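Right, one structure below, let's go through it.
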Amino acid sequence: MLDSRRHPKPDDMTPEEEWQHWVDKFPAVKRQFRGARRVREWVSTGRVQYSSKKTVGHRWVLMSHAAGFIDPLFSRGMSNTVEVIDAVAWRLLQSLKDDDFSEERYEYVERLQQGLLTYNDELVNSSMIAFPHFQLWDPVFRIWAFSSNYGAMRLTRAQLRYNLTGDERHYKELESGPNVGFWWPDEPEMKQMWDAMVETVEKFEVGEISADDAGAKILKDVLDSELPPAAFGYKDPDNHNLHPTTLDLARFMTWAIRSGPPPAKALASGTLEAMGRAALRRKKIS
């Protein structure tokens with residue numbers, strides 16, 4: 001996959017020649033294909049991005065990659081698919097029970113899929129633009145990574161609570177966030193920081209700001225916010241290899257519960273409480 005804005009598809013190469021042209025630029029990659037033989041004809045195509053204006057109708061739903069596709073970068077396709085399945089499945093079961101497949105019942109699914117496409121598009125676009133400039137890519141990565149951390153905690157908390165109670169309400173409550181499709185949909189400061197990052201990267205793309213200035217602006221938002229977990233290295237501009245350990249996770253949970261901002265505290269304390277109750281339950285069973 002190539003960014004066609006920087007690398008337009010050549011008209012004077014066969015698909016095999018185009019492949020070889022790129023592999024030759026990266027000796028480490030080329031070595032991996034030493035001795036490899038093709039098993040079918042080479043194929044090359046133009047842009048693969050697409051989206052559907054409408055993904056839900058009476059008795060039909062276009063799901064995930066049938067609804068739209070951005071890019072395999074970061075492998076968002078799997079998580080997006082699971083989110084859509086989760087949103088459709090319980091509604092479909094209810095529709096079968098009530099014999100009511102009205103489009104209104106699936107309105108959230110429409111908003112979810114459009115949101116997933118939008119935020120993945122913004123993530124991929126910002127990343128592609130920032131990749132050649134480390135000072136810009138570094139803070140873009142930080143915002144994406146720590147917002148994803150909190151998003152994963154939000155899902156983990158719901159899963160733990162469901163395991164304890166068997167109450168599907170904990171899953172359905174995940175749909176209550178205003179920014180549908182965003183990985184932390186119910187935190188306004190995170191959404192504001194994300195939107196500011198996307199806007200700044202796009203300003204750099206059109207030449208309104210330099211890469212270094214754009215990166216500094218985004219990094220300032222990270223450093224000024226209480227949301228990024230310092231224990232994971234997000235608040236340290238000199239840390240360019242973020243690789244949290246189990247100890248770092250323990251430090252993060254301690255910080256979040258004791259002195260973290262309210263959104264982080266709510267996620268961490270709720271997750272820890274559910275984990276504790278689950279451990280106690282396992283002990284009683286054993």
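What you see is a predicted model; the values in this text were computed from it and never measured.
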task = Quick one: do His7 and Trp22 satisfy side-chain contact (heavy atoms from CB on, under 4.5 Å)? Show the steps, please.
result = CA-CA 11 Å; His7 310 291; Trp22 285 106; 3.3 Å; yes

ask   = With a 3.5 Å cut-off and no angle check, do the side chains of Ser210 and Asp212 form a donor-acceptor pair?
value = no

Main-chain N/O of Leu223 paired to Lys235 side chain as donor or acceptor, under 3.5 Å = yes

query = NE2/His65 to CD/Gln113 distance, rounded to the nearest 0.5 angstrom?
reply = 10.5 Å

query = Which is it for Arg5 and Met128 under the side-chain contact (heavy atoms from CB on, under 4.5 Å) test, yes or no, and what are the steps along the way?
reply = CA-CA 10 Å; Arg5 293 167 297 188; Met128 291 289 194; 3.8 Å; yes

query = Would you say the side-chain atoms of Lys9 and Ser4 include a donor-acceptor pair closer than 3.5 Å?
reply = no

ask   = If Ile, Leu, Val, Met, Phe, Trp and Tyr residues are connected whenever their side-chain heavy atoms lie under 4.5 Å apart, and connections chain through other members, are Leu96 and Val56 in the same group?
value = yes

request  = For the residue pair Phe232 and Phe252, categorise the inter-ring angle as parallel (less than 30°), tilted (30 to 60°) or perpendicular (more than 60°).
outcome  = tilted

key: Charged N-O contact under 4.0 Å between Glu103 and Lys54   = yes

message = Does any part of the side chain of Arg161, heavy atoms only, come nearer than 4.5 Å to the side chain of Asp167, both counted from C-beta?
response = no

inquiry  = Within the 4.5 Å heavy-atom criterion, are Tyr150 and Trp183 side-chain neighbours or not?
reply    = no

ask   = Which pair of heavy atoms, one from Lys30 and one from Asp24, lies closest together, and at what distance?
value = NZ-OD1, 3.0 Å

note = Scanning both residues in full, the closest heavy-atom pair of Ser64 with Asn80 reads OG-C, 4.2 Å

query = Between Phe101 and Arg59, is there a cation-pi geometry (under 6.0 Å to ring centre, at most 45° from the normal)?
reply = yes

inquiry  = Can you tell me if Lys172 has over 12 outside heavy atoms packed within less than 6.0 Å of its NZ?
reply    = yes

ask   = Would you call Arg169-Glu173 a salt bridge at under 4.0 Å N-O?
value = yes

query = Is there side-chain contact between Arg6 and Pro132, with heavy atoms separated by less than 4.5 Å?
reply = yes

task = Name all residues meeting the ring pair (Phe, Tyr, Trp, His ring centres under 6.0 Å) criterion together with His133; count only those two or more places apart in sequence or in a different chain, and write none if there are none.
result = Phe204

task = To the nearest 0.5 angstrom, please state how far the CH2 atom of Trp90 sits from the OH atom of Tyr171.
result = 14.5 Å

task = Identify the two heavy atoms, one from Ser147 and one from Trp184, that lie closest to each other, and give their separation to 0.1 Å.
result = O-CB, 4.2 Å

inquiry  = Against Ile70, only a single residue in Thr118, Asn120, Leu116 fulfils side-chain contact (heavy atoms from CB on, under 4.5 Å); can you say which?
reply    = Asn120

ask   = Under a 4.5 Å cut-off applied to non-hydrogen side-chain atoms, are Trp42 and Glu17 in contact?
value = no

message = A side-chain contact here means heavy atoms from C-beta on lying under 4.5 Å apart; do Lys191 and Tyr119 qualify?
response = yes

message = I'd like to know whether the aromatic ring centres of Trp144 and Phe74 sit less than 6.0 Å apart in this structure.
response = yes

Backbone of Pro185 reached by a side-chain donor or acceptor of Asn179 within 3.5 Å = yes

key: Euclidean distance, Asn125 CG relative to Gln49 CD, rounded to 0.5 Å   = 9.5 Å

request  = Walk me through it: do Asn149 and Arg154 pass the test side-chain hydrogen bond (donor to acceptor under 3.5 Å, both in side chains)?
outcome  = CA-CA 9 Å; Asn149 292 157; Arg154 185 171 174 270; over 6 Å; no

query = Passes side-chain contact (heavy atoms from CB on, under 4.5 Å), Ser126 versus Val198? Steps please.
reply = CA-CA 6 Å; Ser126 297; Val198 171; 4.0 Å; yes

key: Side-chain heavy-atom pair Phe141, Phe146 within 4.5 angstrom cut-off   = no

message = Quick test of your reading of the model: are Lys217 and Glu199 salt-bridged, counting only N-O distances below 4.0 Å?
response = no

task = Please name the pair of heavy atoms, one in Ser225 and one in Glu189, separated by the smallest distance, quoted to 0.1 Å.
result = OG-OE2, 2.7 Å

task = Verify whether one side chain among Gln114 and Glu110 offers a donor that lies under 3.5 Å from an acceptor in the other.
result = yes

query = CE/Met193 to CD1/Ile218 distance, rounded to the nearest 0.5 angstrom?
reply = 11.0 Å

task = Would you sort out whether Trp194 and Glu122 count as a side-chain hydrogen bond (donor to acceptor under 3.5 Å, both in side chains), showing the intermediate values?
result = CA-CA 9 Å; Trp194 179 268; Glu122 291 177 348; 2.8 Å; yes

Check: Ser52 side chain, Thr55 main-chain N or O, donor-acceptor pair, under 3.5 Å = no

key: Val222 reachable from Trp255 in the ILVMFWY side-chain graph, under 4.5 Å edges   = yes

inquiry  = Quick one: does any side-chain atom of Asp248 pair with a main-chain N or O of Thr245 as donor and acceptor, under 3.5 Å?
reply    = yes

message = Please determine whether a side-chain nitrogen of the Lys or Arg among Arg105 and Asp98 lies less than 4.0 Å from a carboxylate oxygen of the Asp or Glu.
response = yes

Greater than 12 external heavy atoms within 6.0 Å of Glu226's CD = no

Validation row: Arg157, Leu267 side chains within 4.5 angstrom (heavy atoms) = yes

key: Value rounded to 0.5 Å, distance of OG1 in Thr246 from CZ in Arg251   = 11.5 Å

ask   = Where is the tightest heavy-atom contact between Ala211 and Leu136, given as atom of each residue plus distance?
value = O-CB, 3.9 Å

task = Just do the side-chain contact (heavy atoms from CB on, under 4.5 Å) check on Val140 and Met197 with the steps written out, would you?
result = CA-CA 7 Å; Val140 168; Met197 176 200 78; 3.9 Å; yes

message = Measuring from atom CG of Leu2 to atom CD of Glu18, what distance do you get when rounded to the nearest 0.5 angstrom?
response = 7.0 Å

ask   = What are the two closest heavy atoms between Met1 and Pro72, and how far apart are they?
value = CG-CG, 3.6 Å

query = Are Tyr50 and Val84 connected in a single hydrophobic cluster, I mean Ile/Leu/Val/Met/Phe/Trp/Tyr linked by side-chain heavy atoms less than 4.5 Å apart?
reply = no

ask   = If you group Ile, Leu, Val, Met, Phe, Trp and Tyr by side-chain heavy-atom gaps below 4.5 Å, do Leu123 and Phe131 land in one group?
value = yes

task = Kindly work out whether a path of hydrophobic side-chain contacts (I/L/V/M/F/W/Y, heavy atoms less than 4.5 Å apart) joins Leu174 to Tyr106.
result = no

message = Between Ser51 (side chain only) and Gly68 (backbone N and O only), is there a donor and an acceptor less than 3.5 Å apart?
response = no

Side-chain heavy atoms of Glu175 within contact of Leu112, under 4.5 Å = no

